[in-house]
Number of protein chains: 2
Amino acid sequence: MAKTKKKKESEWATATNERLSEAGFRRGGARAAVVSLLDEQSCALSAYEIEDLLAQRERAVGRASIYRILEELDELGVVAKVELGQGQARYEPVRPDHHHHHLVCDKCGAVIAFDDAPLERAVHSISKRVDFAVEGHEIVLHGLCADCR
Amino acid sequence: MAKTKKKKESEWATATNERLSEAGFRRGGARAAVVSLLDEQSCALSAYEIEDLLAQRERAVGRASIYRILEELDELGVVAKVELGQGQARYEPVRPDHHHHHLVCDKCGAVIAFDDAPLERAVHSISKRVDFAVEGHEIVLHGLCADCR
DNA sequence: CTAGCGATGAGACTGATTCTCAGGCTAGTT
DNA sequence: AACTAGCCTGAGAATCAGTCTCATCGCTAG
Ligand SMILES: [Zn+2]
Ligand SMILES: [Zn+2]
Ligand SMILES: [Zn+2]
Ligand SMILES: [Zn+2]
């Protein structure tokens, strides 16, 4: 058998690995572990969460490598770095069919994903109108989650 | 004459000082200087920019005080803390009649303000639909400014 | 199998923000 | 005006996320 990966990788991991090799990156254990972990996520994780999860579940990866790899993936456009005003960045796999934004509870820090077509339309409309080459957008709604109210 | 302030304060400073006293805060030189400086701003400044500007123009204020005061003002809802993904927070006076969002140049860091009614409508519409008490929102468009393209 | 060079990670370093706590000053009180 | 409780300030230490350095590891082409 060619594959002996822990869990079968999804479309995202496949596409990501392809982009990585296209971009000239060699294979490496640290990067494979990060990609594998992100592949299982539907929403964003912080670098420290990634570090902890990797140490527990997959394979410990140095902090420097985690940040380096996340930056590479962000530049390749396969990972999005989102800043939710919590003093730390979060990273999530980019899946065009699951584009979404976030609701952040100011009390407990909970992060909830949502998507809305009219909102996206408004953003795209603006992007075309301004004298600015818009490459991405981030929308965060702050407030209190159901539990914290 | 009752007033000998450097420049006549605008509606924002007046309302802010009122809220501060309502909230039980005493007067103080550091806070007055920060409020006065913010009152002149139409868009966001970073804590360091505020520190430098105060040291030059108004009255030097300790860094700890600047952060403490900005946090108080943010909690009172008269200042908005905006995180534009530049590794530092920025703060701007909240003027309901000048609600806006930001375009950030990923190359030179330029920040440009914009506002859009359809976008706000979409956000408010979402706010009503989710099981979440939305208290604010932040929208950032990333890309390259006209100069950097 | 081996050389060449990218990949990795321990730990030092940076920069922003927060904390601590010893005075300074405001706002009532007498 | 003088007095005082307790908020207001700010210098400097402490934190913390994130970045850099560089010796070492391990792919992979040949
Ligand atoms: Zn998400
Ligand atoms: Zn909550
Ligand atoms: Zn602004
Ligand atoms: Zn620019």
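Just so you know, these numbers use all the heavy atoms, side chains as well, and skip hydrogens, waters and symmetry mates.
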For the helix from C:dC1-D:dG30 to C:dT30-D:dA1, how many degrees between its two end axes (five pairs per end), to the nearest 10°?
30°
CG on B:L70 to CG on B:L38, rounded to 0.5 Å:
6.0 Å
Using a heavy-atom cut-off of under 4.0 Å over every strand shown, decide if B:A30 touches base, sugar-phosphate, or nothing.
sugar-phosphate
Nucleotide C:dG15, atom C1' - distance to CD of B:Q86 in whole Å:
15 Å
Give the rounded distance in Å between these two atoms: CG of B:L84 and P of C:dA16.
15 Å
Roughly, in whole Å, what's the span from CZ in A:F25 to P in D:dA29?
17 Å
Check every atom of D:dA11, D:dG18, C:dG9 against the side chain of B:A64 and return the nucleotide holding the closest atom.
D:dA11
For B:S10, is there any backbone N or O sitting under 3.5 Å from a side-chain donor or acceptor partner on B:D39?
yes
If you round to the nearest 0.5 Å, how far is CZ of B:R63 from CD of B:E51?
4.0 Å
To the nearest Å, give me how far apart CD1 (A:I50) and C1' (D:dG18) are.
13 Å
For a quick check of understanding: with a heavy-atom distance under 4.0 Å over all strands, which category does B:G24 fall into, base, sugar-phosphate or nothing?
nothing
Aromatic rings B:H101 and B:H137: how do their planes relate, parallel, tilted or perpendicular, breaks at 30° and 60°?
tilted
Rounding to a whole Å, what distance do you find between B:I66:CD1 and D:dT9:C1'?
12 Å
Ignoring backbone atoms, test whether A:Y67 places a side-chain nitrogen or oxygen under 4.0 Å from the OP1 or OP2 oxygen of D:dT19.
no
Taking for each residue the nucleotide of DNA chain C bearing the nearest heavy atom, is the 5' side occupied by A:I69 or by B:A47?
A:I69
How many Å lie between CG on B:N17 and C1' on D:dC8, as a whole number?
15 Å
A:R129 and A:S125: CA distance, side-chain angles, deciding distance, side chain to side chain donor-acceptor pair (under 3.5 Å) verdict
CA-CA 7 Å; A:R129 261 179 285 140; A:S125 166; 2.8 Å; yes
Between B:R68 (CZ) and D:dC7 (C1'), how many Å, whole number?
10 Å
Once rounded to the nearest 0.5 Å, what's the spacing between atom CG of B:L37 and atom CG of B:L54?
5.0 Å
Return the value, rounded to whole Å, for the distance between atom CD of B:E51 and atom P of C:dT17.
11 Å
Contact under 4.0 Å: A:R26 side-chain N or O vs D:dG26 OP1/OP2:
no
Categorize A:Y48 for me: base, sugar-phosphate, or nothing, with a 4.0 angstrom heavy-atom threshold over every strand shown.
base
Quick one: is B:R31 getting a side-chain N or O under 4.0 Å of the D:dC8 phosphate, OP1 or OP2?
yes
Scan A:R27 against the nucleic acid and name what it touches under 4.0 Å (heavy atoms): base, sugar-phosphate only, or nothing.
sugar-phosphate
B:H100 and B:H98: aromatic ring centres closer than 6.0 Å?
no
